[in-house]
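Structure first, then comments.
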Amino acid sequence: MDYVIKNSKLTAVIDSFGAQLKSIRDEHGKEYMWSADSKYWGKTSPVLFPFIGVLNNNEFWYQGKSFAMTRHGFARDMEFSLKSQGEDFVILSLKASADTLEIYPFDFEFDLEHRLEGNSLKVTWNVKNNGDNVMYFSVGGHPAFACPPGEQGKRTECHVKFEEKDSIEISHIDIEKGLVTGEKSTLSLEKGILPIAEDLFDHDALVLENHQCHTVELCDKNQDPYIRVEFDAPLVGVWSVPDSNASYVCIEPWYGRCDRVDFTGEIKDRDWTNALDAGETFREEYRISVL
């Protein structure tokens with residue numbers, strides 16, 4: 001079911017299946033989200049929970065037991081229930097069930113709020129541990145923005161801006177395994193600007209770790225920004241499929257990431273995992289602004 005929220009500046013559409021943001025339009029009707037063309041990638045903004053990316057051997061270990069898990073976890077493929085709705089906001093909720101407990105042995109409640117504030121959409125994650133033991137999880141966003149705006153032209157006309165930085169450090173991903181290798185490289189920027197070259201995403205996402213920046217913008221061919229994503233998350237991924245005819249780019253704030261290629265430990269030992277005590281709530285957010 002689609003939920004529509006609006007204010008004087010923006011209208012947004014959120015699907016109850018996966019709590020996926022499907023559309024952001026300005027007051028003139030201009031669309032800023034990717035059209036989810038299945039020829040390239042049939043999603044728009046899947047929520048990543050309780051994992052981000054790929055796990056080594058597609059499994060995690062908890063208290064000596066192995067649990068199979070698919071890429072990005074299961075929330076993006078589940079129906080959320082309506083918790084609360086107003087003209088400019090909607091809160092959708094997913095709770096642990098017998099089915100989820102078989103594959104993820106934690107009693108959780110996961111609320112996802114979309115709220116319009118002026119020319120911005122604030123996305124808030126609330127993860128509550130309803131169990132008796134420490135809960136381990138990751139959570140992240142995966143919004144795909146039209147690039148160029150309106151999907152008129154090729155994304156190679158556009159640019160990504162990482163604040164005003166001179167360079168960023170990228171963690172490498174094994175393209176076949178979808179796991180980080182431990183190798184890193186540095187990309188030089190000019191006043192934060194990175195052109196979207198034909199081969200920019202040939203080796204999967206650009207993964208920035210360790211709080212390197214907290215604002216990422218998409219810019220048009222004149223280097224004028226038209227979308228801004230702001231976050232406090234320690235990691236951010238920038239991704240699209242290698243085919244430069246795909247007119248979108250994702251800006252993904254992450255609390256967590258995929259495994260290392262050599263990781264063999266328990267879930268509590270995963271890089272960037274979040275630990276939540278019994279009865280506690282994790283609350284974080286990111287903001288999408290139309291410029």
Side-chain angles (χ1 to χ4, degrees), residues 2-15 18-37 40-41 43-48 85-92 112-125 140-165 191-196 206 213-233 236-240 246-254 284-291:
D2 286 347
Y3 293 95
V4 179
I5 58 175
K6 59 179 63 179
N7 65 8
S8 61
K9 297 289 187 180
L10 300 174
T11 299
V13 180
I14 299 93
D15 189 349
Q20 179 171 219
L21 171 66
K22 294 172 63 178
S23 172
I24 299 176
R25 293 181 181 269
D26 64 18
E27 66 266 40
H28 307 295
K30 185 175 182 179
E31 178 63 69
Y32 288 87
M33 300 301 294
W34 160 243
S35 61
D37 183 349
Y40 301 103
W41 188 57
K43 296 183 182 295
T44 302
S45 184
V47 58
L48 314 181
Q85 183 183 16
E87 184 177 7
D88 59 359
F89 78 94
V90 64
I91 302 174
L92 300 175
L112 189 58
E113 177 180 351
H114 292 84
R115 182 179 294 270
L116 294 172
E117 296 179 346
N119 67 328
S120 298
L121 175 68
K122 184 173 72 173
V123 183
T124 304
W125 303 297
H142 203 314
F145 302 103
C147 184
E151 299 182 25
Q152 301 299 313
K154 297 189 69 173
R155 71 182 185 209
T156 48
E157 302 170 4
C158 298
H159 308 78
V160 185
K161 186 174 183 180
F162 299 90
E163 298 170 352
E164 294 288 334
K165 294 188 173 295
K191 295 184 178 179
I193 293 288
L194 177 68
I196 301 176
L206 309 181
C213 68
H214 294 289
T215 301
V216 179
E217 296 174 333
L218 286 180
C219 305
D220 64 19
K221 61 184 178 181
N222 299 316
Q223 298 188 8
D224 294 326
Y226 64 92
I227 280 288
R228 175 184 298 138
V229 180
E230 299 169 276
F231 49 89
D232 289 327
V236 62
V238 179
W239 175 81
S240 188
S247 50
Y248 72 90
V249 170
C250 299
I251 301 173
E252 310 175 33
W254 294 342
E284 294 293 348
E285 65 187 45
Y286 69 98
R287 182 180 295 269
I288 300 167
S289 297
V290 173
L291 305 177

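What you see is a predicted model; the values in this text were computed from it and never measured.
To the nearest 0.5 Å, the span separating CZ on R115 from CG on D88 amounts to 6.0 Å. Remark: Y248 OH to C158 SG distance equals 14.5 Å, nearest 0.5 Å. From I91, atom CD1 reaches atom CD1 of I14 across 11.5 Å, with rounding to the nearest 0.5 Å. Note: F89 CZ to T124 OG1 = 11.5 Å, rounded to the nearest 0.5 Å. Residue E230 holds its CD atom at 12.0 Å from NZ of K122, rounded to the nearest 0.5 Å. In this structure, CD1 in I24 is found 7.0 Å from CG in L10, a value given to the nearest 0.5 Å.
If you look at F231 and W254, their ring centroids are not closer than 6.0 Å.
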(request) Applying side-chain contact (heavy atoms from CB on, under 4.5 Å), run through I251 and Y286 and close with a yes or a no. (result) CA-CA 11 Å; I251 301 173; Y286 69 98; over 6 Å; no
(message) If you apply the rule side-chain contact (heavy atoms from CB on, under 4.5 Å), what do you find for Q20 with T44, and how did you get there?
(response) CA-CA 7 Å; Q20 179 171 219; T44 302; 3.9 Å; yes
(request) Kindly indicate, with the supporting measurements, whether the criterion side-chain contact (heavy atoms from CB on, under 4.5 Å) is fulfilled by Y32 and I288. (result) CA-CA 10 Å; Y32 288 87; I288 300 167; over 6 Å; no
(message) Go through it in stages, so that I can follow the logic: the residues are K191 and E164, the test is salt bridge (Lys or Arg N to Asp or Glu O under 4.0 Å), and I'd like the CA-CA distance, side-chain angles, deciding distance and then a yes or no.
(response) CA-CA 5 Å; K191 295 184 178 179; E164 294 288 334; over 6 Å; no
(request) Test side-chain contact (heavy atoms from CB on, under 4.5 Å) on F145 and V249 and set out the steps. (result) CA-CA 5 Å; F145 302 103; V249 170; 5.9 Å; no
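Counting heavy atoms from C-beta outward, C219 and P225 have side chains that approach closer than 4.5 Å. In this structure, L21 and L121 have side chains that are in contact, with non-hydrogen atoms separated by less than 4.5 Å. Using a 4.5 Å cut-off on side-chain heavy atoms (C-beta onward), K30 and P149 make contact. At a threshold of 4.5 Å between non-hydrogen side-chain atoms, the residues Y40 and S35 do not count as touching.
Closest approach of E27 to S8, counting heavy atoms only: CB-O, 3.8 Å. Taking every heavy atom of both residues into account, G141 and P143 meet most closely at C-CD, 3.4 Å. Closest approach of R155 and S240 over heavy atoms only: NH1-OG, 2.6 Å. Between V47 and G18, the shortest heavy-atom distance links the atoms CG1-O, 3.2 Å. Minimum heavy-atom separation, H142 to P46: CB-O, 3.2 Å. Closest of all the heavy-atom pairs between H114 and I5 is O-CD1, 3.6 Å.
With hydrogens and angles ignored, the 3.5 Å screen pairs a side-chain donor or acceptor of H159 with a backbone N or O of D220. Of the possible polar contacts, none joining the E252 side chain to the C250 backbone as a donor-acceptor pair under 3.5 Å is found. The main-chain N or O of T215 is never found under 3.5 Å from a side-chain atom of R228 such that the two would form a donor-acceptor pair. Between the side chain of E284 and the main chain of W125, no donor-acceptor pair closer than 3.5 Å is present.
E31 and S23 form a side-chain donor-acceptor contact under 3.5 Å, judged by distance and modelled atom types alone.
When V290, V216, L291 are each tested for a side chain to side chain contact (heavy atoms under 4.5 Å, CB included) with I227, only one passes: V290. Checking each of E151, K43, K22 against W34 for a side chain to side chain contact (heavy atoms under 4.5 Å, CB included) leaves exactly one that passes, namely E151.
Using cut-offs of 30° and 60° for the angle between ring planes, the W41 and W239 rings count as perpendicular.
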